[in-house]
K.L.:
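Before anything else, here's the structure in question.
Each chain gets a letter, A, B and so on, in the order its sequence line appears, and its residues count up from 1.
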Amino acid sequence: MRDVAIIGIGMTRFGELWEMSLRDIAVEAALKCLDDAGTEHIDSVTIGCMSSGLFNQQEHLASLVTDYLGRRNTPAVRVESACASGGMAVRSAFMEVASGISDYAIAIGVEKMTDVDGNLATKALATAADGDYEAFHGINFPGLYALLANAHMEKYGTTREQLAEVAVKNHRNGALNPHSQFPREITTDTVLKSAMIADPLRLFDCSPITDGAAAVLITTVEEARKIGKHPLVVISGIGTATDTIALYQRKDILKMDAVQMAGKRALQMAGKTIHDVDFAEVHDCFTIAEIMVLEALGIVEPGQGGPATQNGHTALNGKFPVNPSGGLKSKGHPVGATGVAQICEAALQLRGQADKRQINNARTALTQNMGGSGGSCVIHILEAK
Amino acid sequence: MEVAKHWRETPERYRLEAGKCSKCNTIVFPQRIICPECGNRKFTTQSLSGKGKLVSFTIIRIAPGGFEDLAPYAVGIVELEEGVNILTQITDCNPEDLKTGDPLVAKFRRINEDGKTGMIYYAYKFVPDAGL
Ligand SMILES: [Zn+2]
């Protein structure tokens, strides 16, 4: 297997991009990525997208996006793993290069969610759950994560305020990110007084509906050294895992097995432990998700996700910064783009180009992207070399 | 065809039928072709008692499409006597009064419908078990 580096990153602004279409945002992110890399070389395209069929009545993105990127005849494929589609697309691009099939592979994550109304968008997202045995019974993703929040609060004594602190922290970071959908600080009170969606989760516990795209260009370390434009960012570990699609079928709903196993595999491949990691971008689709992911990855002990957030352990200036980008909560969550955007943020931090939200001496990053209620997970370890 | 999509779930939804692995006795709901525990492909049908206790629940305030008129309503995970879990609505109670560990029992109820003239979907919902 060849060693692999990221030589280009690009993102659209995240938000309600009414003036732009699905193909427009995918192409914009890809072009920014190529400009950043300083090369036009692409041997293959991988698109990560969850549900353009339901959001935009458009499938066949491999052809659509590659054509509008001006790359007719280039090999292209789309991968889907619900909200983990983006991270899985980067993994596919990594495998293209590591295997020697491509020298330059671009991964483009995209989701254009505001072409339908909120109700239809929620319905599209619900297809990431078990359709016949979860969604059929009138539960949606806020509801599924609420089941986790209630169980976590009962078992570990996690408080309602601790959940809120995840959102407050991520908005504080997101306020420093020019790509954020909601670049504004909020208070604990904002969260606690927002509308109840599914007890105990309120509106400000939930990530928003977002349009956006992100892209990364991947090549071999050898090629990247030749270009030599930035501090070199290598992908030293990748781990993926799956779990039951239905939350109710897990032996212990509070154990996110897919996250734990994907993390273990990625760290093992990189020859590292979690203590070697300087910061993480994690999948905070709901506040409780970030708390549970911290525990599953071993960043904190089981049950300590809430207190760790409250005492500033995961803040931008804390011992282990989590979601310096603002996370899904503040930056926005265009589902297929999210996993790629996490890697863009990690690369930016490792290059030392994250401006006001720059983490000091960031050398090793972990990005964690998951589908549904944890039915799939992909984790990348990135290092500055 | 939409009718077939729901009709084929009838054993689970109307009669609470699960599969029991003929090798390791694991019970799966819904039924499966291969046992997730031991890989065996032979199952017998196991009718579930419909009695269990509440593992975790939530009250849906902003409901997904088709369920708006029902909100607020409770949805939870119930662990049945047979040791298998099920996700279900919990009804015939004030959702605010529910507590983890509450005994519940399955009833046959209407879940949803396709407008005024479309299909009506039936399945189990759970209610507090008064022990009668
Ligand atoms: Zn078995």
K.L.:
I'd like to know if the side chain of T58(B) and the backbone of G143(A) have a donor-acceptor N/O pair within less than 3.5 Å.
P.N.:
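No: the side chain of T58(B) does not pair with the backbone of G143(A).
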K.L.:
Looking only at atom types and distance, does a side-chain atom of N150(A) sit under 3.5 Å from a main-chain N or O of F57(B), one as donor and one as acceptor?
P.N.:
yes
K.L.:
So which residue, A195(A), A149(A), A198(A), A246(A), ends up with the most heavy-atom pairs under 4.5 Å with chain B?
P.N.:
A198(A)
K.L.:
Grab the two heavy atoms, one from S56(B) and one from A151(A), that are nearest each other, plus how far apart they are.
P.N.:
OG-N, 3.7 Å
K.L.:
With a cut-off of 6.0 Å (strictly less than), are more than 12 heavy atoms of other residues, nucleotides or ligands near CZ of R184(A)?
P.N.:
yes
K.L.:
Is atom CG of D252(A) surrounded by more than 12 heavy atoms (other residues, nucleotides or ligands) closer than 6.0 Å?
P.N.:
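Atom CG in D252(A) is packed in, count exceeds 12.
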K.L.:
Within this structure, what is the CZ-NE2 distance for the pair F126(B) and H137(A), rounded to the nearest 0.5 Å?
P.N.:
9.5 Å
K.L.:
Starting from the C-alpha separation in whole Å, work towards a yes-or-no answer on side chain to side chain contact (heavy atoms under 4.5 Å, CB included) for F136(A) and E9(B).
P.N.:
CA-CA 11 Å; F136(A) 174 83; E9(B) 305 303 327; over 6 Å; no
K.L.:
I'd like to know whether the aromatic ring centres of Y133(A) and F29(B) sit less than 6.0 Å apart in this structure.
P.N.:
yes
K.L.:
Please lay out, stage by stage, how D132(A) and R13(B) fare under the test side chain to side chain contact (heavy atoms under 4.5 Å, CB included).
P.N.:
CA-CA 10 Å; D132(A) 289 333; R13(B) 289 185 185 162; 3.6 Å; yes
K.L.:
Atom CG in L87(B), atom CD in E134(A): separation rounded to 0.5 Å?
P.N.:
6.0 Å
K.L.:
What are the two closest non-hydrogen atoms of R61(B) and M196(A), and how far apart are they?
P.N.:
CB-O, 3.3 Å
K.L.:
Sort I111(B) into side chain, backbone, both or neither according to what part of it lies under 4.5 angstrom from a heavy atom of chain A.
P.N.:
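Side chain only.
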K.L.:
Report, as yes or no, whether the 6.0 Å neighbourhood of atom CD on E59(A) holds more than 12 heavy atoms from other residues, nucleotides or ligands.
P.N.:
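Above 12, so yes.
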K.L.:
Without swapping roles, check the side chain of Q249(A) against the backbone of N85(B) for a donor-acceptor pair under 3.5 Å.
P.N.:
no
K.L.:
With a 4.5 angstrom heavy-atom cut-off, is it the side chain or the backbone of I253(A) that approaches chain B, or both, or neither?
P.N.:
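It is the side chain, since no backbone atom gets that close.
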K.L.:
Does any N or O in the side chain of Y248(A) come within less than 3.5 Å of the main-chain N or O of G76(B), such that one atom is a donor and the other an acceptor?
P.N.:
no
K.L.:
For E68(B), which atoms come within 4.5 Å of any heavy atom of chain A: side chain, backbone, both, or neither?
P.N.:
side chain
K.L.:
I'd like to know which of N112(B), I60(B), L70(B) tops the heavy-atom pair count under 4.5 Å against chain A.
P.N.:
I60(B)
K.L.:
Which one of N140(A), L247(A), L144(A), I197(A) has the most heavy-atom pairs closer than 4.5 Å to chain B?
P.N.:
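Max contact count across the listed options: I197(A).
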K.L.:
Between T88(B), T100(B), V78(B), which shows the greatest number of heavy-atom pairs under 4.5 Å with chain A?
P.N.:
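Most heavy-atom pairs within the cutoff with chain A belong to T100(B).
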K.L.:
Please determine whether salt bridge (charged side-chain N to carboxylate O under 4.0 Å, His left out) holds for the pair E37(B) and K251(A), giving the CA-CA distance in whole Å, both sets of side-chain angles, and the decisive distance to 0.1 Å.
P.N.:
CA-CA 12 Å; E37(B) 297 300 326; K251(A) 284 181 182 129; 2.9 Å; yes
